[in-house]
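Worksheet: one structure, shown below.
In the text below, chain A, chain B and the rest are named by the order of the sequence lines, each starting its count at 1.
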Amino acid sequence: MALSLAQIQTPHLDWLGLSPHIVMAGAAIVLLTVVSLAGPRLPAWFAAAWTIATGLAVIGLAFALWMRFDDGPFGPAGQGLSTAANAIGVGRFAVFLIVLLAAVVVLTVLVADGFLRRENLDVPAVYVLLMLSAAGGMTMVSANNLIVLFLGLEILSLAVYVLVAMHLRRSAGQEAGIKYFVLGAFASAFFLYGIALIYGATGSLNLAEISVRNGWSGFVGVVNTGSLGVTSSLEELELASAPAVVVDKGLLYVGMAMLLVGFGFKVAAVPFHAWTPDVYQGAPSPVVVYMAAGVKAAGFGALARVFMLGFAGAIDDWRPAIFALAVASLAVGSLLAIVQSDIKRILAYSSISHAGFILVGVHGGYADGVASVMFYLANYAAMAIGSFAVVTVMSGPGDENTDISSLRGLASRRPVLAGAFTLLLLSQAGIPFTAGFWAKFEVISAVANNSSVSLAVLAMLAAVVAAFLYLRIVVTMYLEPPDADAPKVNIALGPATAIATVVLFTLAFGIYPEPLREMSQQAITLLAP
Amino acid sequence: MAVLPSIIFMPLLGAVAIALISPARADVFKPLAVAASAATGALTLWLMADFDTADGGFQYIQLAQWVKSAGISWHVGVDGISLFLVVLTGVLFPLAILACNPPQPETTTSSTDSASASTPKTSTAKTSNSKTYYVWLLVLETGCLGAFLALDLMLFFLFFEVVLIPMYFLIGTFGHGNRKYVATKFFLFTMLGSALMFVGTIAVAFFTARETGNGVTFNLLELASSVSELPTDTARWIFLSFAVAFAVKVPLFPLHTWLPDAHTEAPTAGSVILAGVMLKLGTYGLVRFGLYLFPEAASYFAPLFFTLGVIGILYGAVVATMQKDLKRLVAYSSVAHLGFIVLGIFALNTEGISGGLLQMVNHGISTGALFLLVGFIYERRHTREIAQLKGLQKAAPVLAGVFLVVMLSSIGLPGLNGFVGEFLILAGAFVAHRWWAVVATAGVILAALYLLWAYQRVFHGTPDADAAKMTDLSWQEKLVMAPLVGLIVFLGVYPKPVIERMEPAVNALIQHIEVTQTAELPTVNNRPAGSFVELRELITEHNHTHDDHTHDDHGHNNHSHDDHSHDDSNSSQHGAAQ
């Protein structure tokens, strides 16, 4: 008995490589345990402080990992590591998004803390779910195996379904939760079916293997040059010399399409966007902060990973689909936002149009396109967190006051808040000297240089339409007189810190984008199979 | 060497200072704003004096890496083409700031109830408003100066686009009438043009890098020497993307519809800056980034542009004649004047381009002054309707006199600045495209018609009760108008200081156009030598050395074109023979 146990080979685990995932998920479990045992005896700030500390710890670990892949004793620059039987691959691509997700968690907590106090909600479970969801997202962006990726997707999604319905006294939140859950489950089913079909077509769930089996010869060059950062484990898989297997192209395409449906739902790309305005409007505002910044980053990270790595050989086959999704998202997102009157719905449609922009970056293809997606995600996260944090502050007790008229004359009531919101909106519009301008610059240059100038032109035209909707909000804040009975706006310390952080980020990288740009260009190490 | 960054950032420094001062000290905002912009103006004047007149290249160049990985650099420099636009900006801003106090935002009719509710707050609102007014004006100045001085395509684009924000808020917060609609229209029109230019800017840098195999760069000077590697069609498309952005800004017919609205509803200082400086961003862009980067495409599309220019001249003049609102009339006269400038630029010869450049400065001075005067009248009478103004001459003779001089300069009366520019433009256009110049000359006559008629209605006649009570210009207003009137007369009599600084740069530009593509410019400089040059010297009073210089240059051009014949067919035959 003992002998046979010893013969079972356990996969090698690289603990440092897995540490961000473990810390984030572990901290969630610990918090849940502590809260259920100690409950009311804990100070009110404990859960929030614990979550912030966890987020900062994960950022610290991730930076250690980032340095590890740099030139130095650990190996040549740009390399990643793969662990847990090649199910998890941590390179700078994954590390970049892990840092982003952890930062989103920290800022969301800052916003949520004030919100929960205002609403008299004492639910530490919010923080548990937030951390679990982020752990799921981290798994998604570092998964090299489709089943592991699906696990991450489900952990991320299930936690968010509950978060959306977190506000027990608001029926709109319950409705949004159910809506998001039903549609999300539907999309997950598509995703899972897609995985099954791809397994049927290629006989593998490993992204690198899938890539080789459907005829991508890129790996041979990769092994020689090391440009994608492939470690010796590639030889263990005998991928480099593996011949291209004749796969069932039909199955592969249907599977790819179904994966795209699943991702399209998560990132809110048209035509899988229908839930977005309703759920954003109904969900508690801090949860929307996380959904807009975190879920989108995880979704796009995983999408880039699967399509740029697993289906690298089929890029000419999926590019037209990305083109169509991008144009539809840009058009619908910016046009429909104009006719909305609820600020959360406006921002929801604007997030759809941003999804279109990021898809434009995906269309740019490997290297430039991935780098631009990374850059855009980081900057978009800052704008989205800031904008929805302002909405959280403005929405007032009950989280109901989200009509655009509630912003009337904000400039004279709360000049600093109005100024910060204006800067974030201008960044979303891509006005120079904000980070949003450089995000657009990256995406447009990637797509114009590598794949399609016409898509670049369409995207910029959509950006003009979108500028109109941001101006509309600015007009309301600056050029319309305040209502006489406008409620007093109270800004708690937490949201104020979050807004100040993202405003600083937006300005600093708007004026000098070079550091972030360099990082995003290194954050393209997709795999270490 | 750091004079250009000081010029660019001096106003911004003032804006930051004003932004940081407590609203309780609202009385220092205006002196501070005037001081910051006057210091900038003084620096630009020093720049003009220190400028090397013999050098046709860029001077005071400053180059530093900025976004290194994308090939974007902080690259500024000035040459004879941008020098006077910089000086114009430096001079107009302090005058505009000095002349106009921040207008109180008009409360819209729908908000009367809330206005009464917020009466206790009005005093604080006023001060914070005057604060934003000066902050935005100074930010705007930084943006304009940055755009004129940038020698990096992306840097230019950044400044070109960012000027929208202050102008948007100036029109939106301090404008008249339907200001929200107008501000948004202005913003979206301009942004639509620049969205295409954004793609064009990226495309020209990346595609050129691909053709040459070097790293990506947005450096204007490097691109200008390597951009000819691009395939002709690509270059033409990219030129169009730039040209549309600039045509919206100019504005060129039929993209002009935002202009009358924006000018009319803007506060006086906003109109002065909009007409005097911001429209020049478009014409300057056409010269700097259209002709300089894409000479072949520019000459290919030249017929389109000078035709639109001529349409603009006639259309602007005819519509201006019909206007009931004095400010709107001046706004439409801008459409006509900018049509002249575009016509001169796309004549693609030294006279046309120098005339266009000179006219940019002239238009800035005279239209800026006209908007100021209309603003003064509006402040006194609270109306701009021509029909309600009558006989102002009796009550305000100084105002009437100044208005007359400025108006005559706008018409192009010989001896005043407008004449020199218009003459050079028409001369250049006549050589290049005879009939277009003939038609455009009708625009000069129409300008006399609508401006004189407006003057007659507003200033002549017997004054009614309101007009009789009108006060004349205050000493402060006289102080503002004096330098403008002085410049109008000085540049009309003695334009040499301007032209001699412009000429080398324009010649270098023409040479660049010819070098990059020989034998493809059928209409440049293929005129009979002598007759025209003499005429021009008559006006510009060149000294002997300068004469020699132009003659030499001229001879050289003729030489290079001696073996070319005079029209398209012949020169294409020549190309085939080669």
Side-chain angles (χ1 to χ4, degrees), chain A residues 368 371 408-409 411-413 415 419 422 426 429-434 437-438 440-450 453-465 467-468 470-472 474-476 478-486 510-515 517-518 520-521, chain B residues 65-70 72 105 107-108 110-111 113-118 121 124-125 128-129 132 143 154-155 157-165 168-169 172-173 175 179-180 183-184 187-189 191-203 205-207 209-210 216 234 237 241:
Chain A
D368 289 354
R408 270 196 203 136
S412 56
R413 288 188 286 153
T422 305
L426 293 180
I431 297 299
F433 303 112
T434 61
F437 173 81
W438 297 106
K440 290 217 171 24
F441 172 81
E442 288 298 294
V443 167
I444 296 295
S445 58
V447 75
N449 191 30
N450 294 307
V453 176
S454 55
L455 185 54
V457 172
L458 288 172
M460 284 317 292
L461 293 180
V464 178
V465 179
F468 175 74
Y470 302 123
L471 280 188
R472 210 178 126 216
V474 173
V475 165
T476 314
Y478 280 84
L479 307 185
E480 285 179 10
D483 291 334
D485 57 345
I511 292 168
Y512 190 60
E514 184 70 5
R517 192 171 192 275
E518 268 180 13
S520 70
Q521 285 188 330
Chain B
Q65 293 293 346
W66 181 22
V67 189
K68 198 176 164 198
S69 51
I72 301 170
T107 41
T108 43
S110 63
S111 63
D113 49 348
S114 65
S116 60
S118 63
K121 281 186 173 179
T124 58
S128 73
N129 268 333
T132 53
M154 201 37 85
L155 188 66
F157 182 84
L158 283 161
F159 282 121
F160 182 79
E161 178 109 334
V162 89
V163 293
L164 295 186
I165 304 290
Y168 171 81
F169 279 104
T173 319
R179 57 183 198 273
K180 276 182 274 181
T184 308
F187 193 99
L188 291 181
F189 253 75
M191 196 175 174
L192 185 68
S194 50
L196 298 176
M197 180 175 146
F198 184 57
V199 181
T201 307
I202 287 173
F206 279 86
F207 291 177
R210 201 191 288 167
V216 176
T234 316
W237 277 111
S241 77

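- A:E480 and B:K180 are joined by a salt bridge, as a carboxylate oxygen and a charged side-chain nitrogen come within less than 4.0 angstrom of each other.
- Proximity of B:L196 to A:L461: side-chain heavy atoms (C-beta onward) are separated by under 4.5 Å at one or more points.
- Among all heavy-atom pairs drawn from B:M191 and A:A429, the shortest one is CE-O, 3.6 Å.
- Residues satisfying the ring pair (Phe, Tyr, Trp, His ring centres under 6.0 Å) criterion with B:F159, sequence neighbours excluded, are A:F433.
- Proximity to chain A is absent for every atom of B:A209, based on heavy atoms less than 4.5 angstrom apart.
- What you find for A:V464 and B:A195 is that their closest heavy atoms are CG2-CB, 3.5 Å.
- Counting heavy-atom pairs closer than 4.5 Å to chain B, the top-ranked of the candidates A:F441, A:Y512, A:F468 is A:F441.
- The minimum heavy-atom distance linking B:E161 with A:P432 is given by the pair CG-CD, 3.3 Å.
- Side-chain rings of B:F198 and A:F437 approach one another, their centers coming within less than 6.0 Å.
- Looking at B:L164, there are no atoms closer than 4.5 Å to chain A (heavy atoms on both sides), in backbone or side chain.
- Counting only heavy atoms from C-beta outward, the side chains of B:W237 and A:V453 never approach each other to under 4.5 Å.
- With values rounded to the nearest 0.5 angstrom, B:F206 atom CZ is found 11.5 Å from A:I444 atom CD1.
- Partners of B:F169 under the ring pair (Phe, Tyr, Trp, His ring centres under 6.0 Å) rule, at least two apart in sequence or in another chain, are A:Y478, B:W136.
- Across B:Y168 and A:V475, no two heavy atoms sit closer than the pair OH-CG2, 2.7 Å.
- Counting all heavy atoms, side chain and backbone alike, A:A448 lies closest to B:I202 at CB-CG2, 4.4 Å.
- Taking the six-membered ring for Trp and thresholds of 30 and 60 degrees, A:W438 and B:W66 have ring planes more than 60 degrees apart, a perpendicular arrangement.
- Formation of a donor-acceptor pair under 3.5 Å by the A:E518 side chain with backbone atoms of B:S69 is not found in this model.
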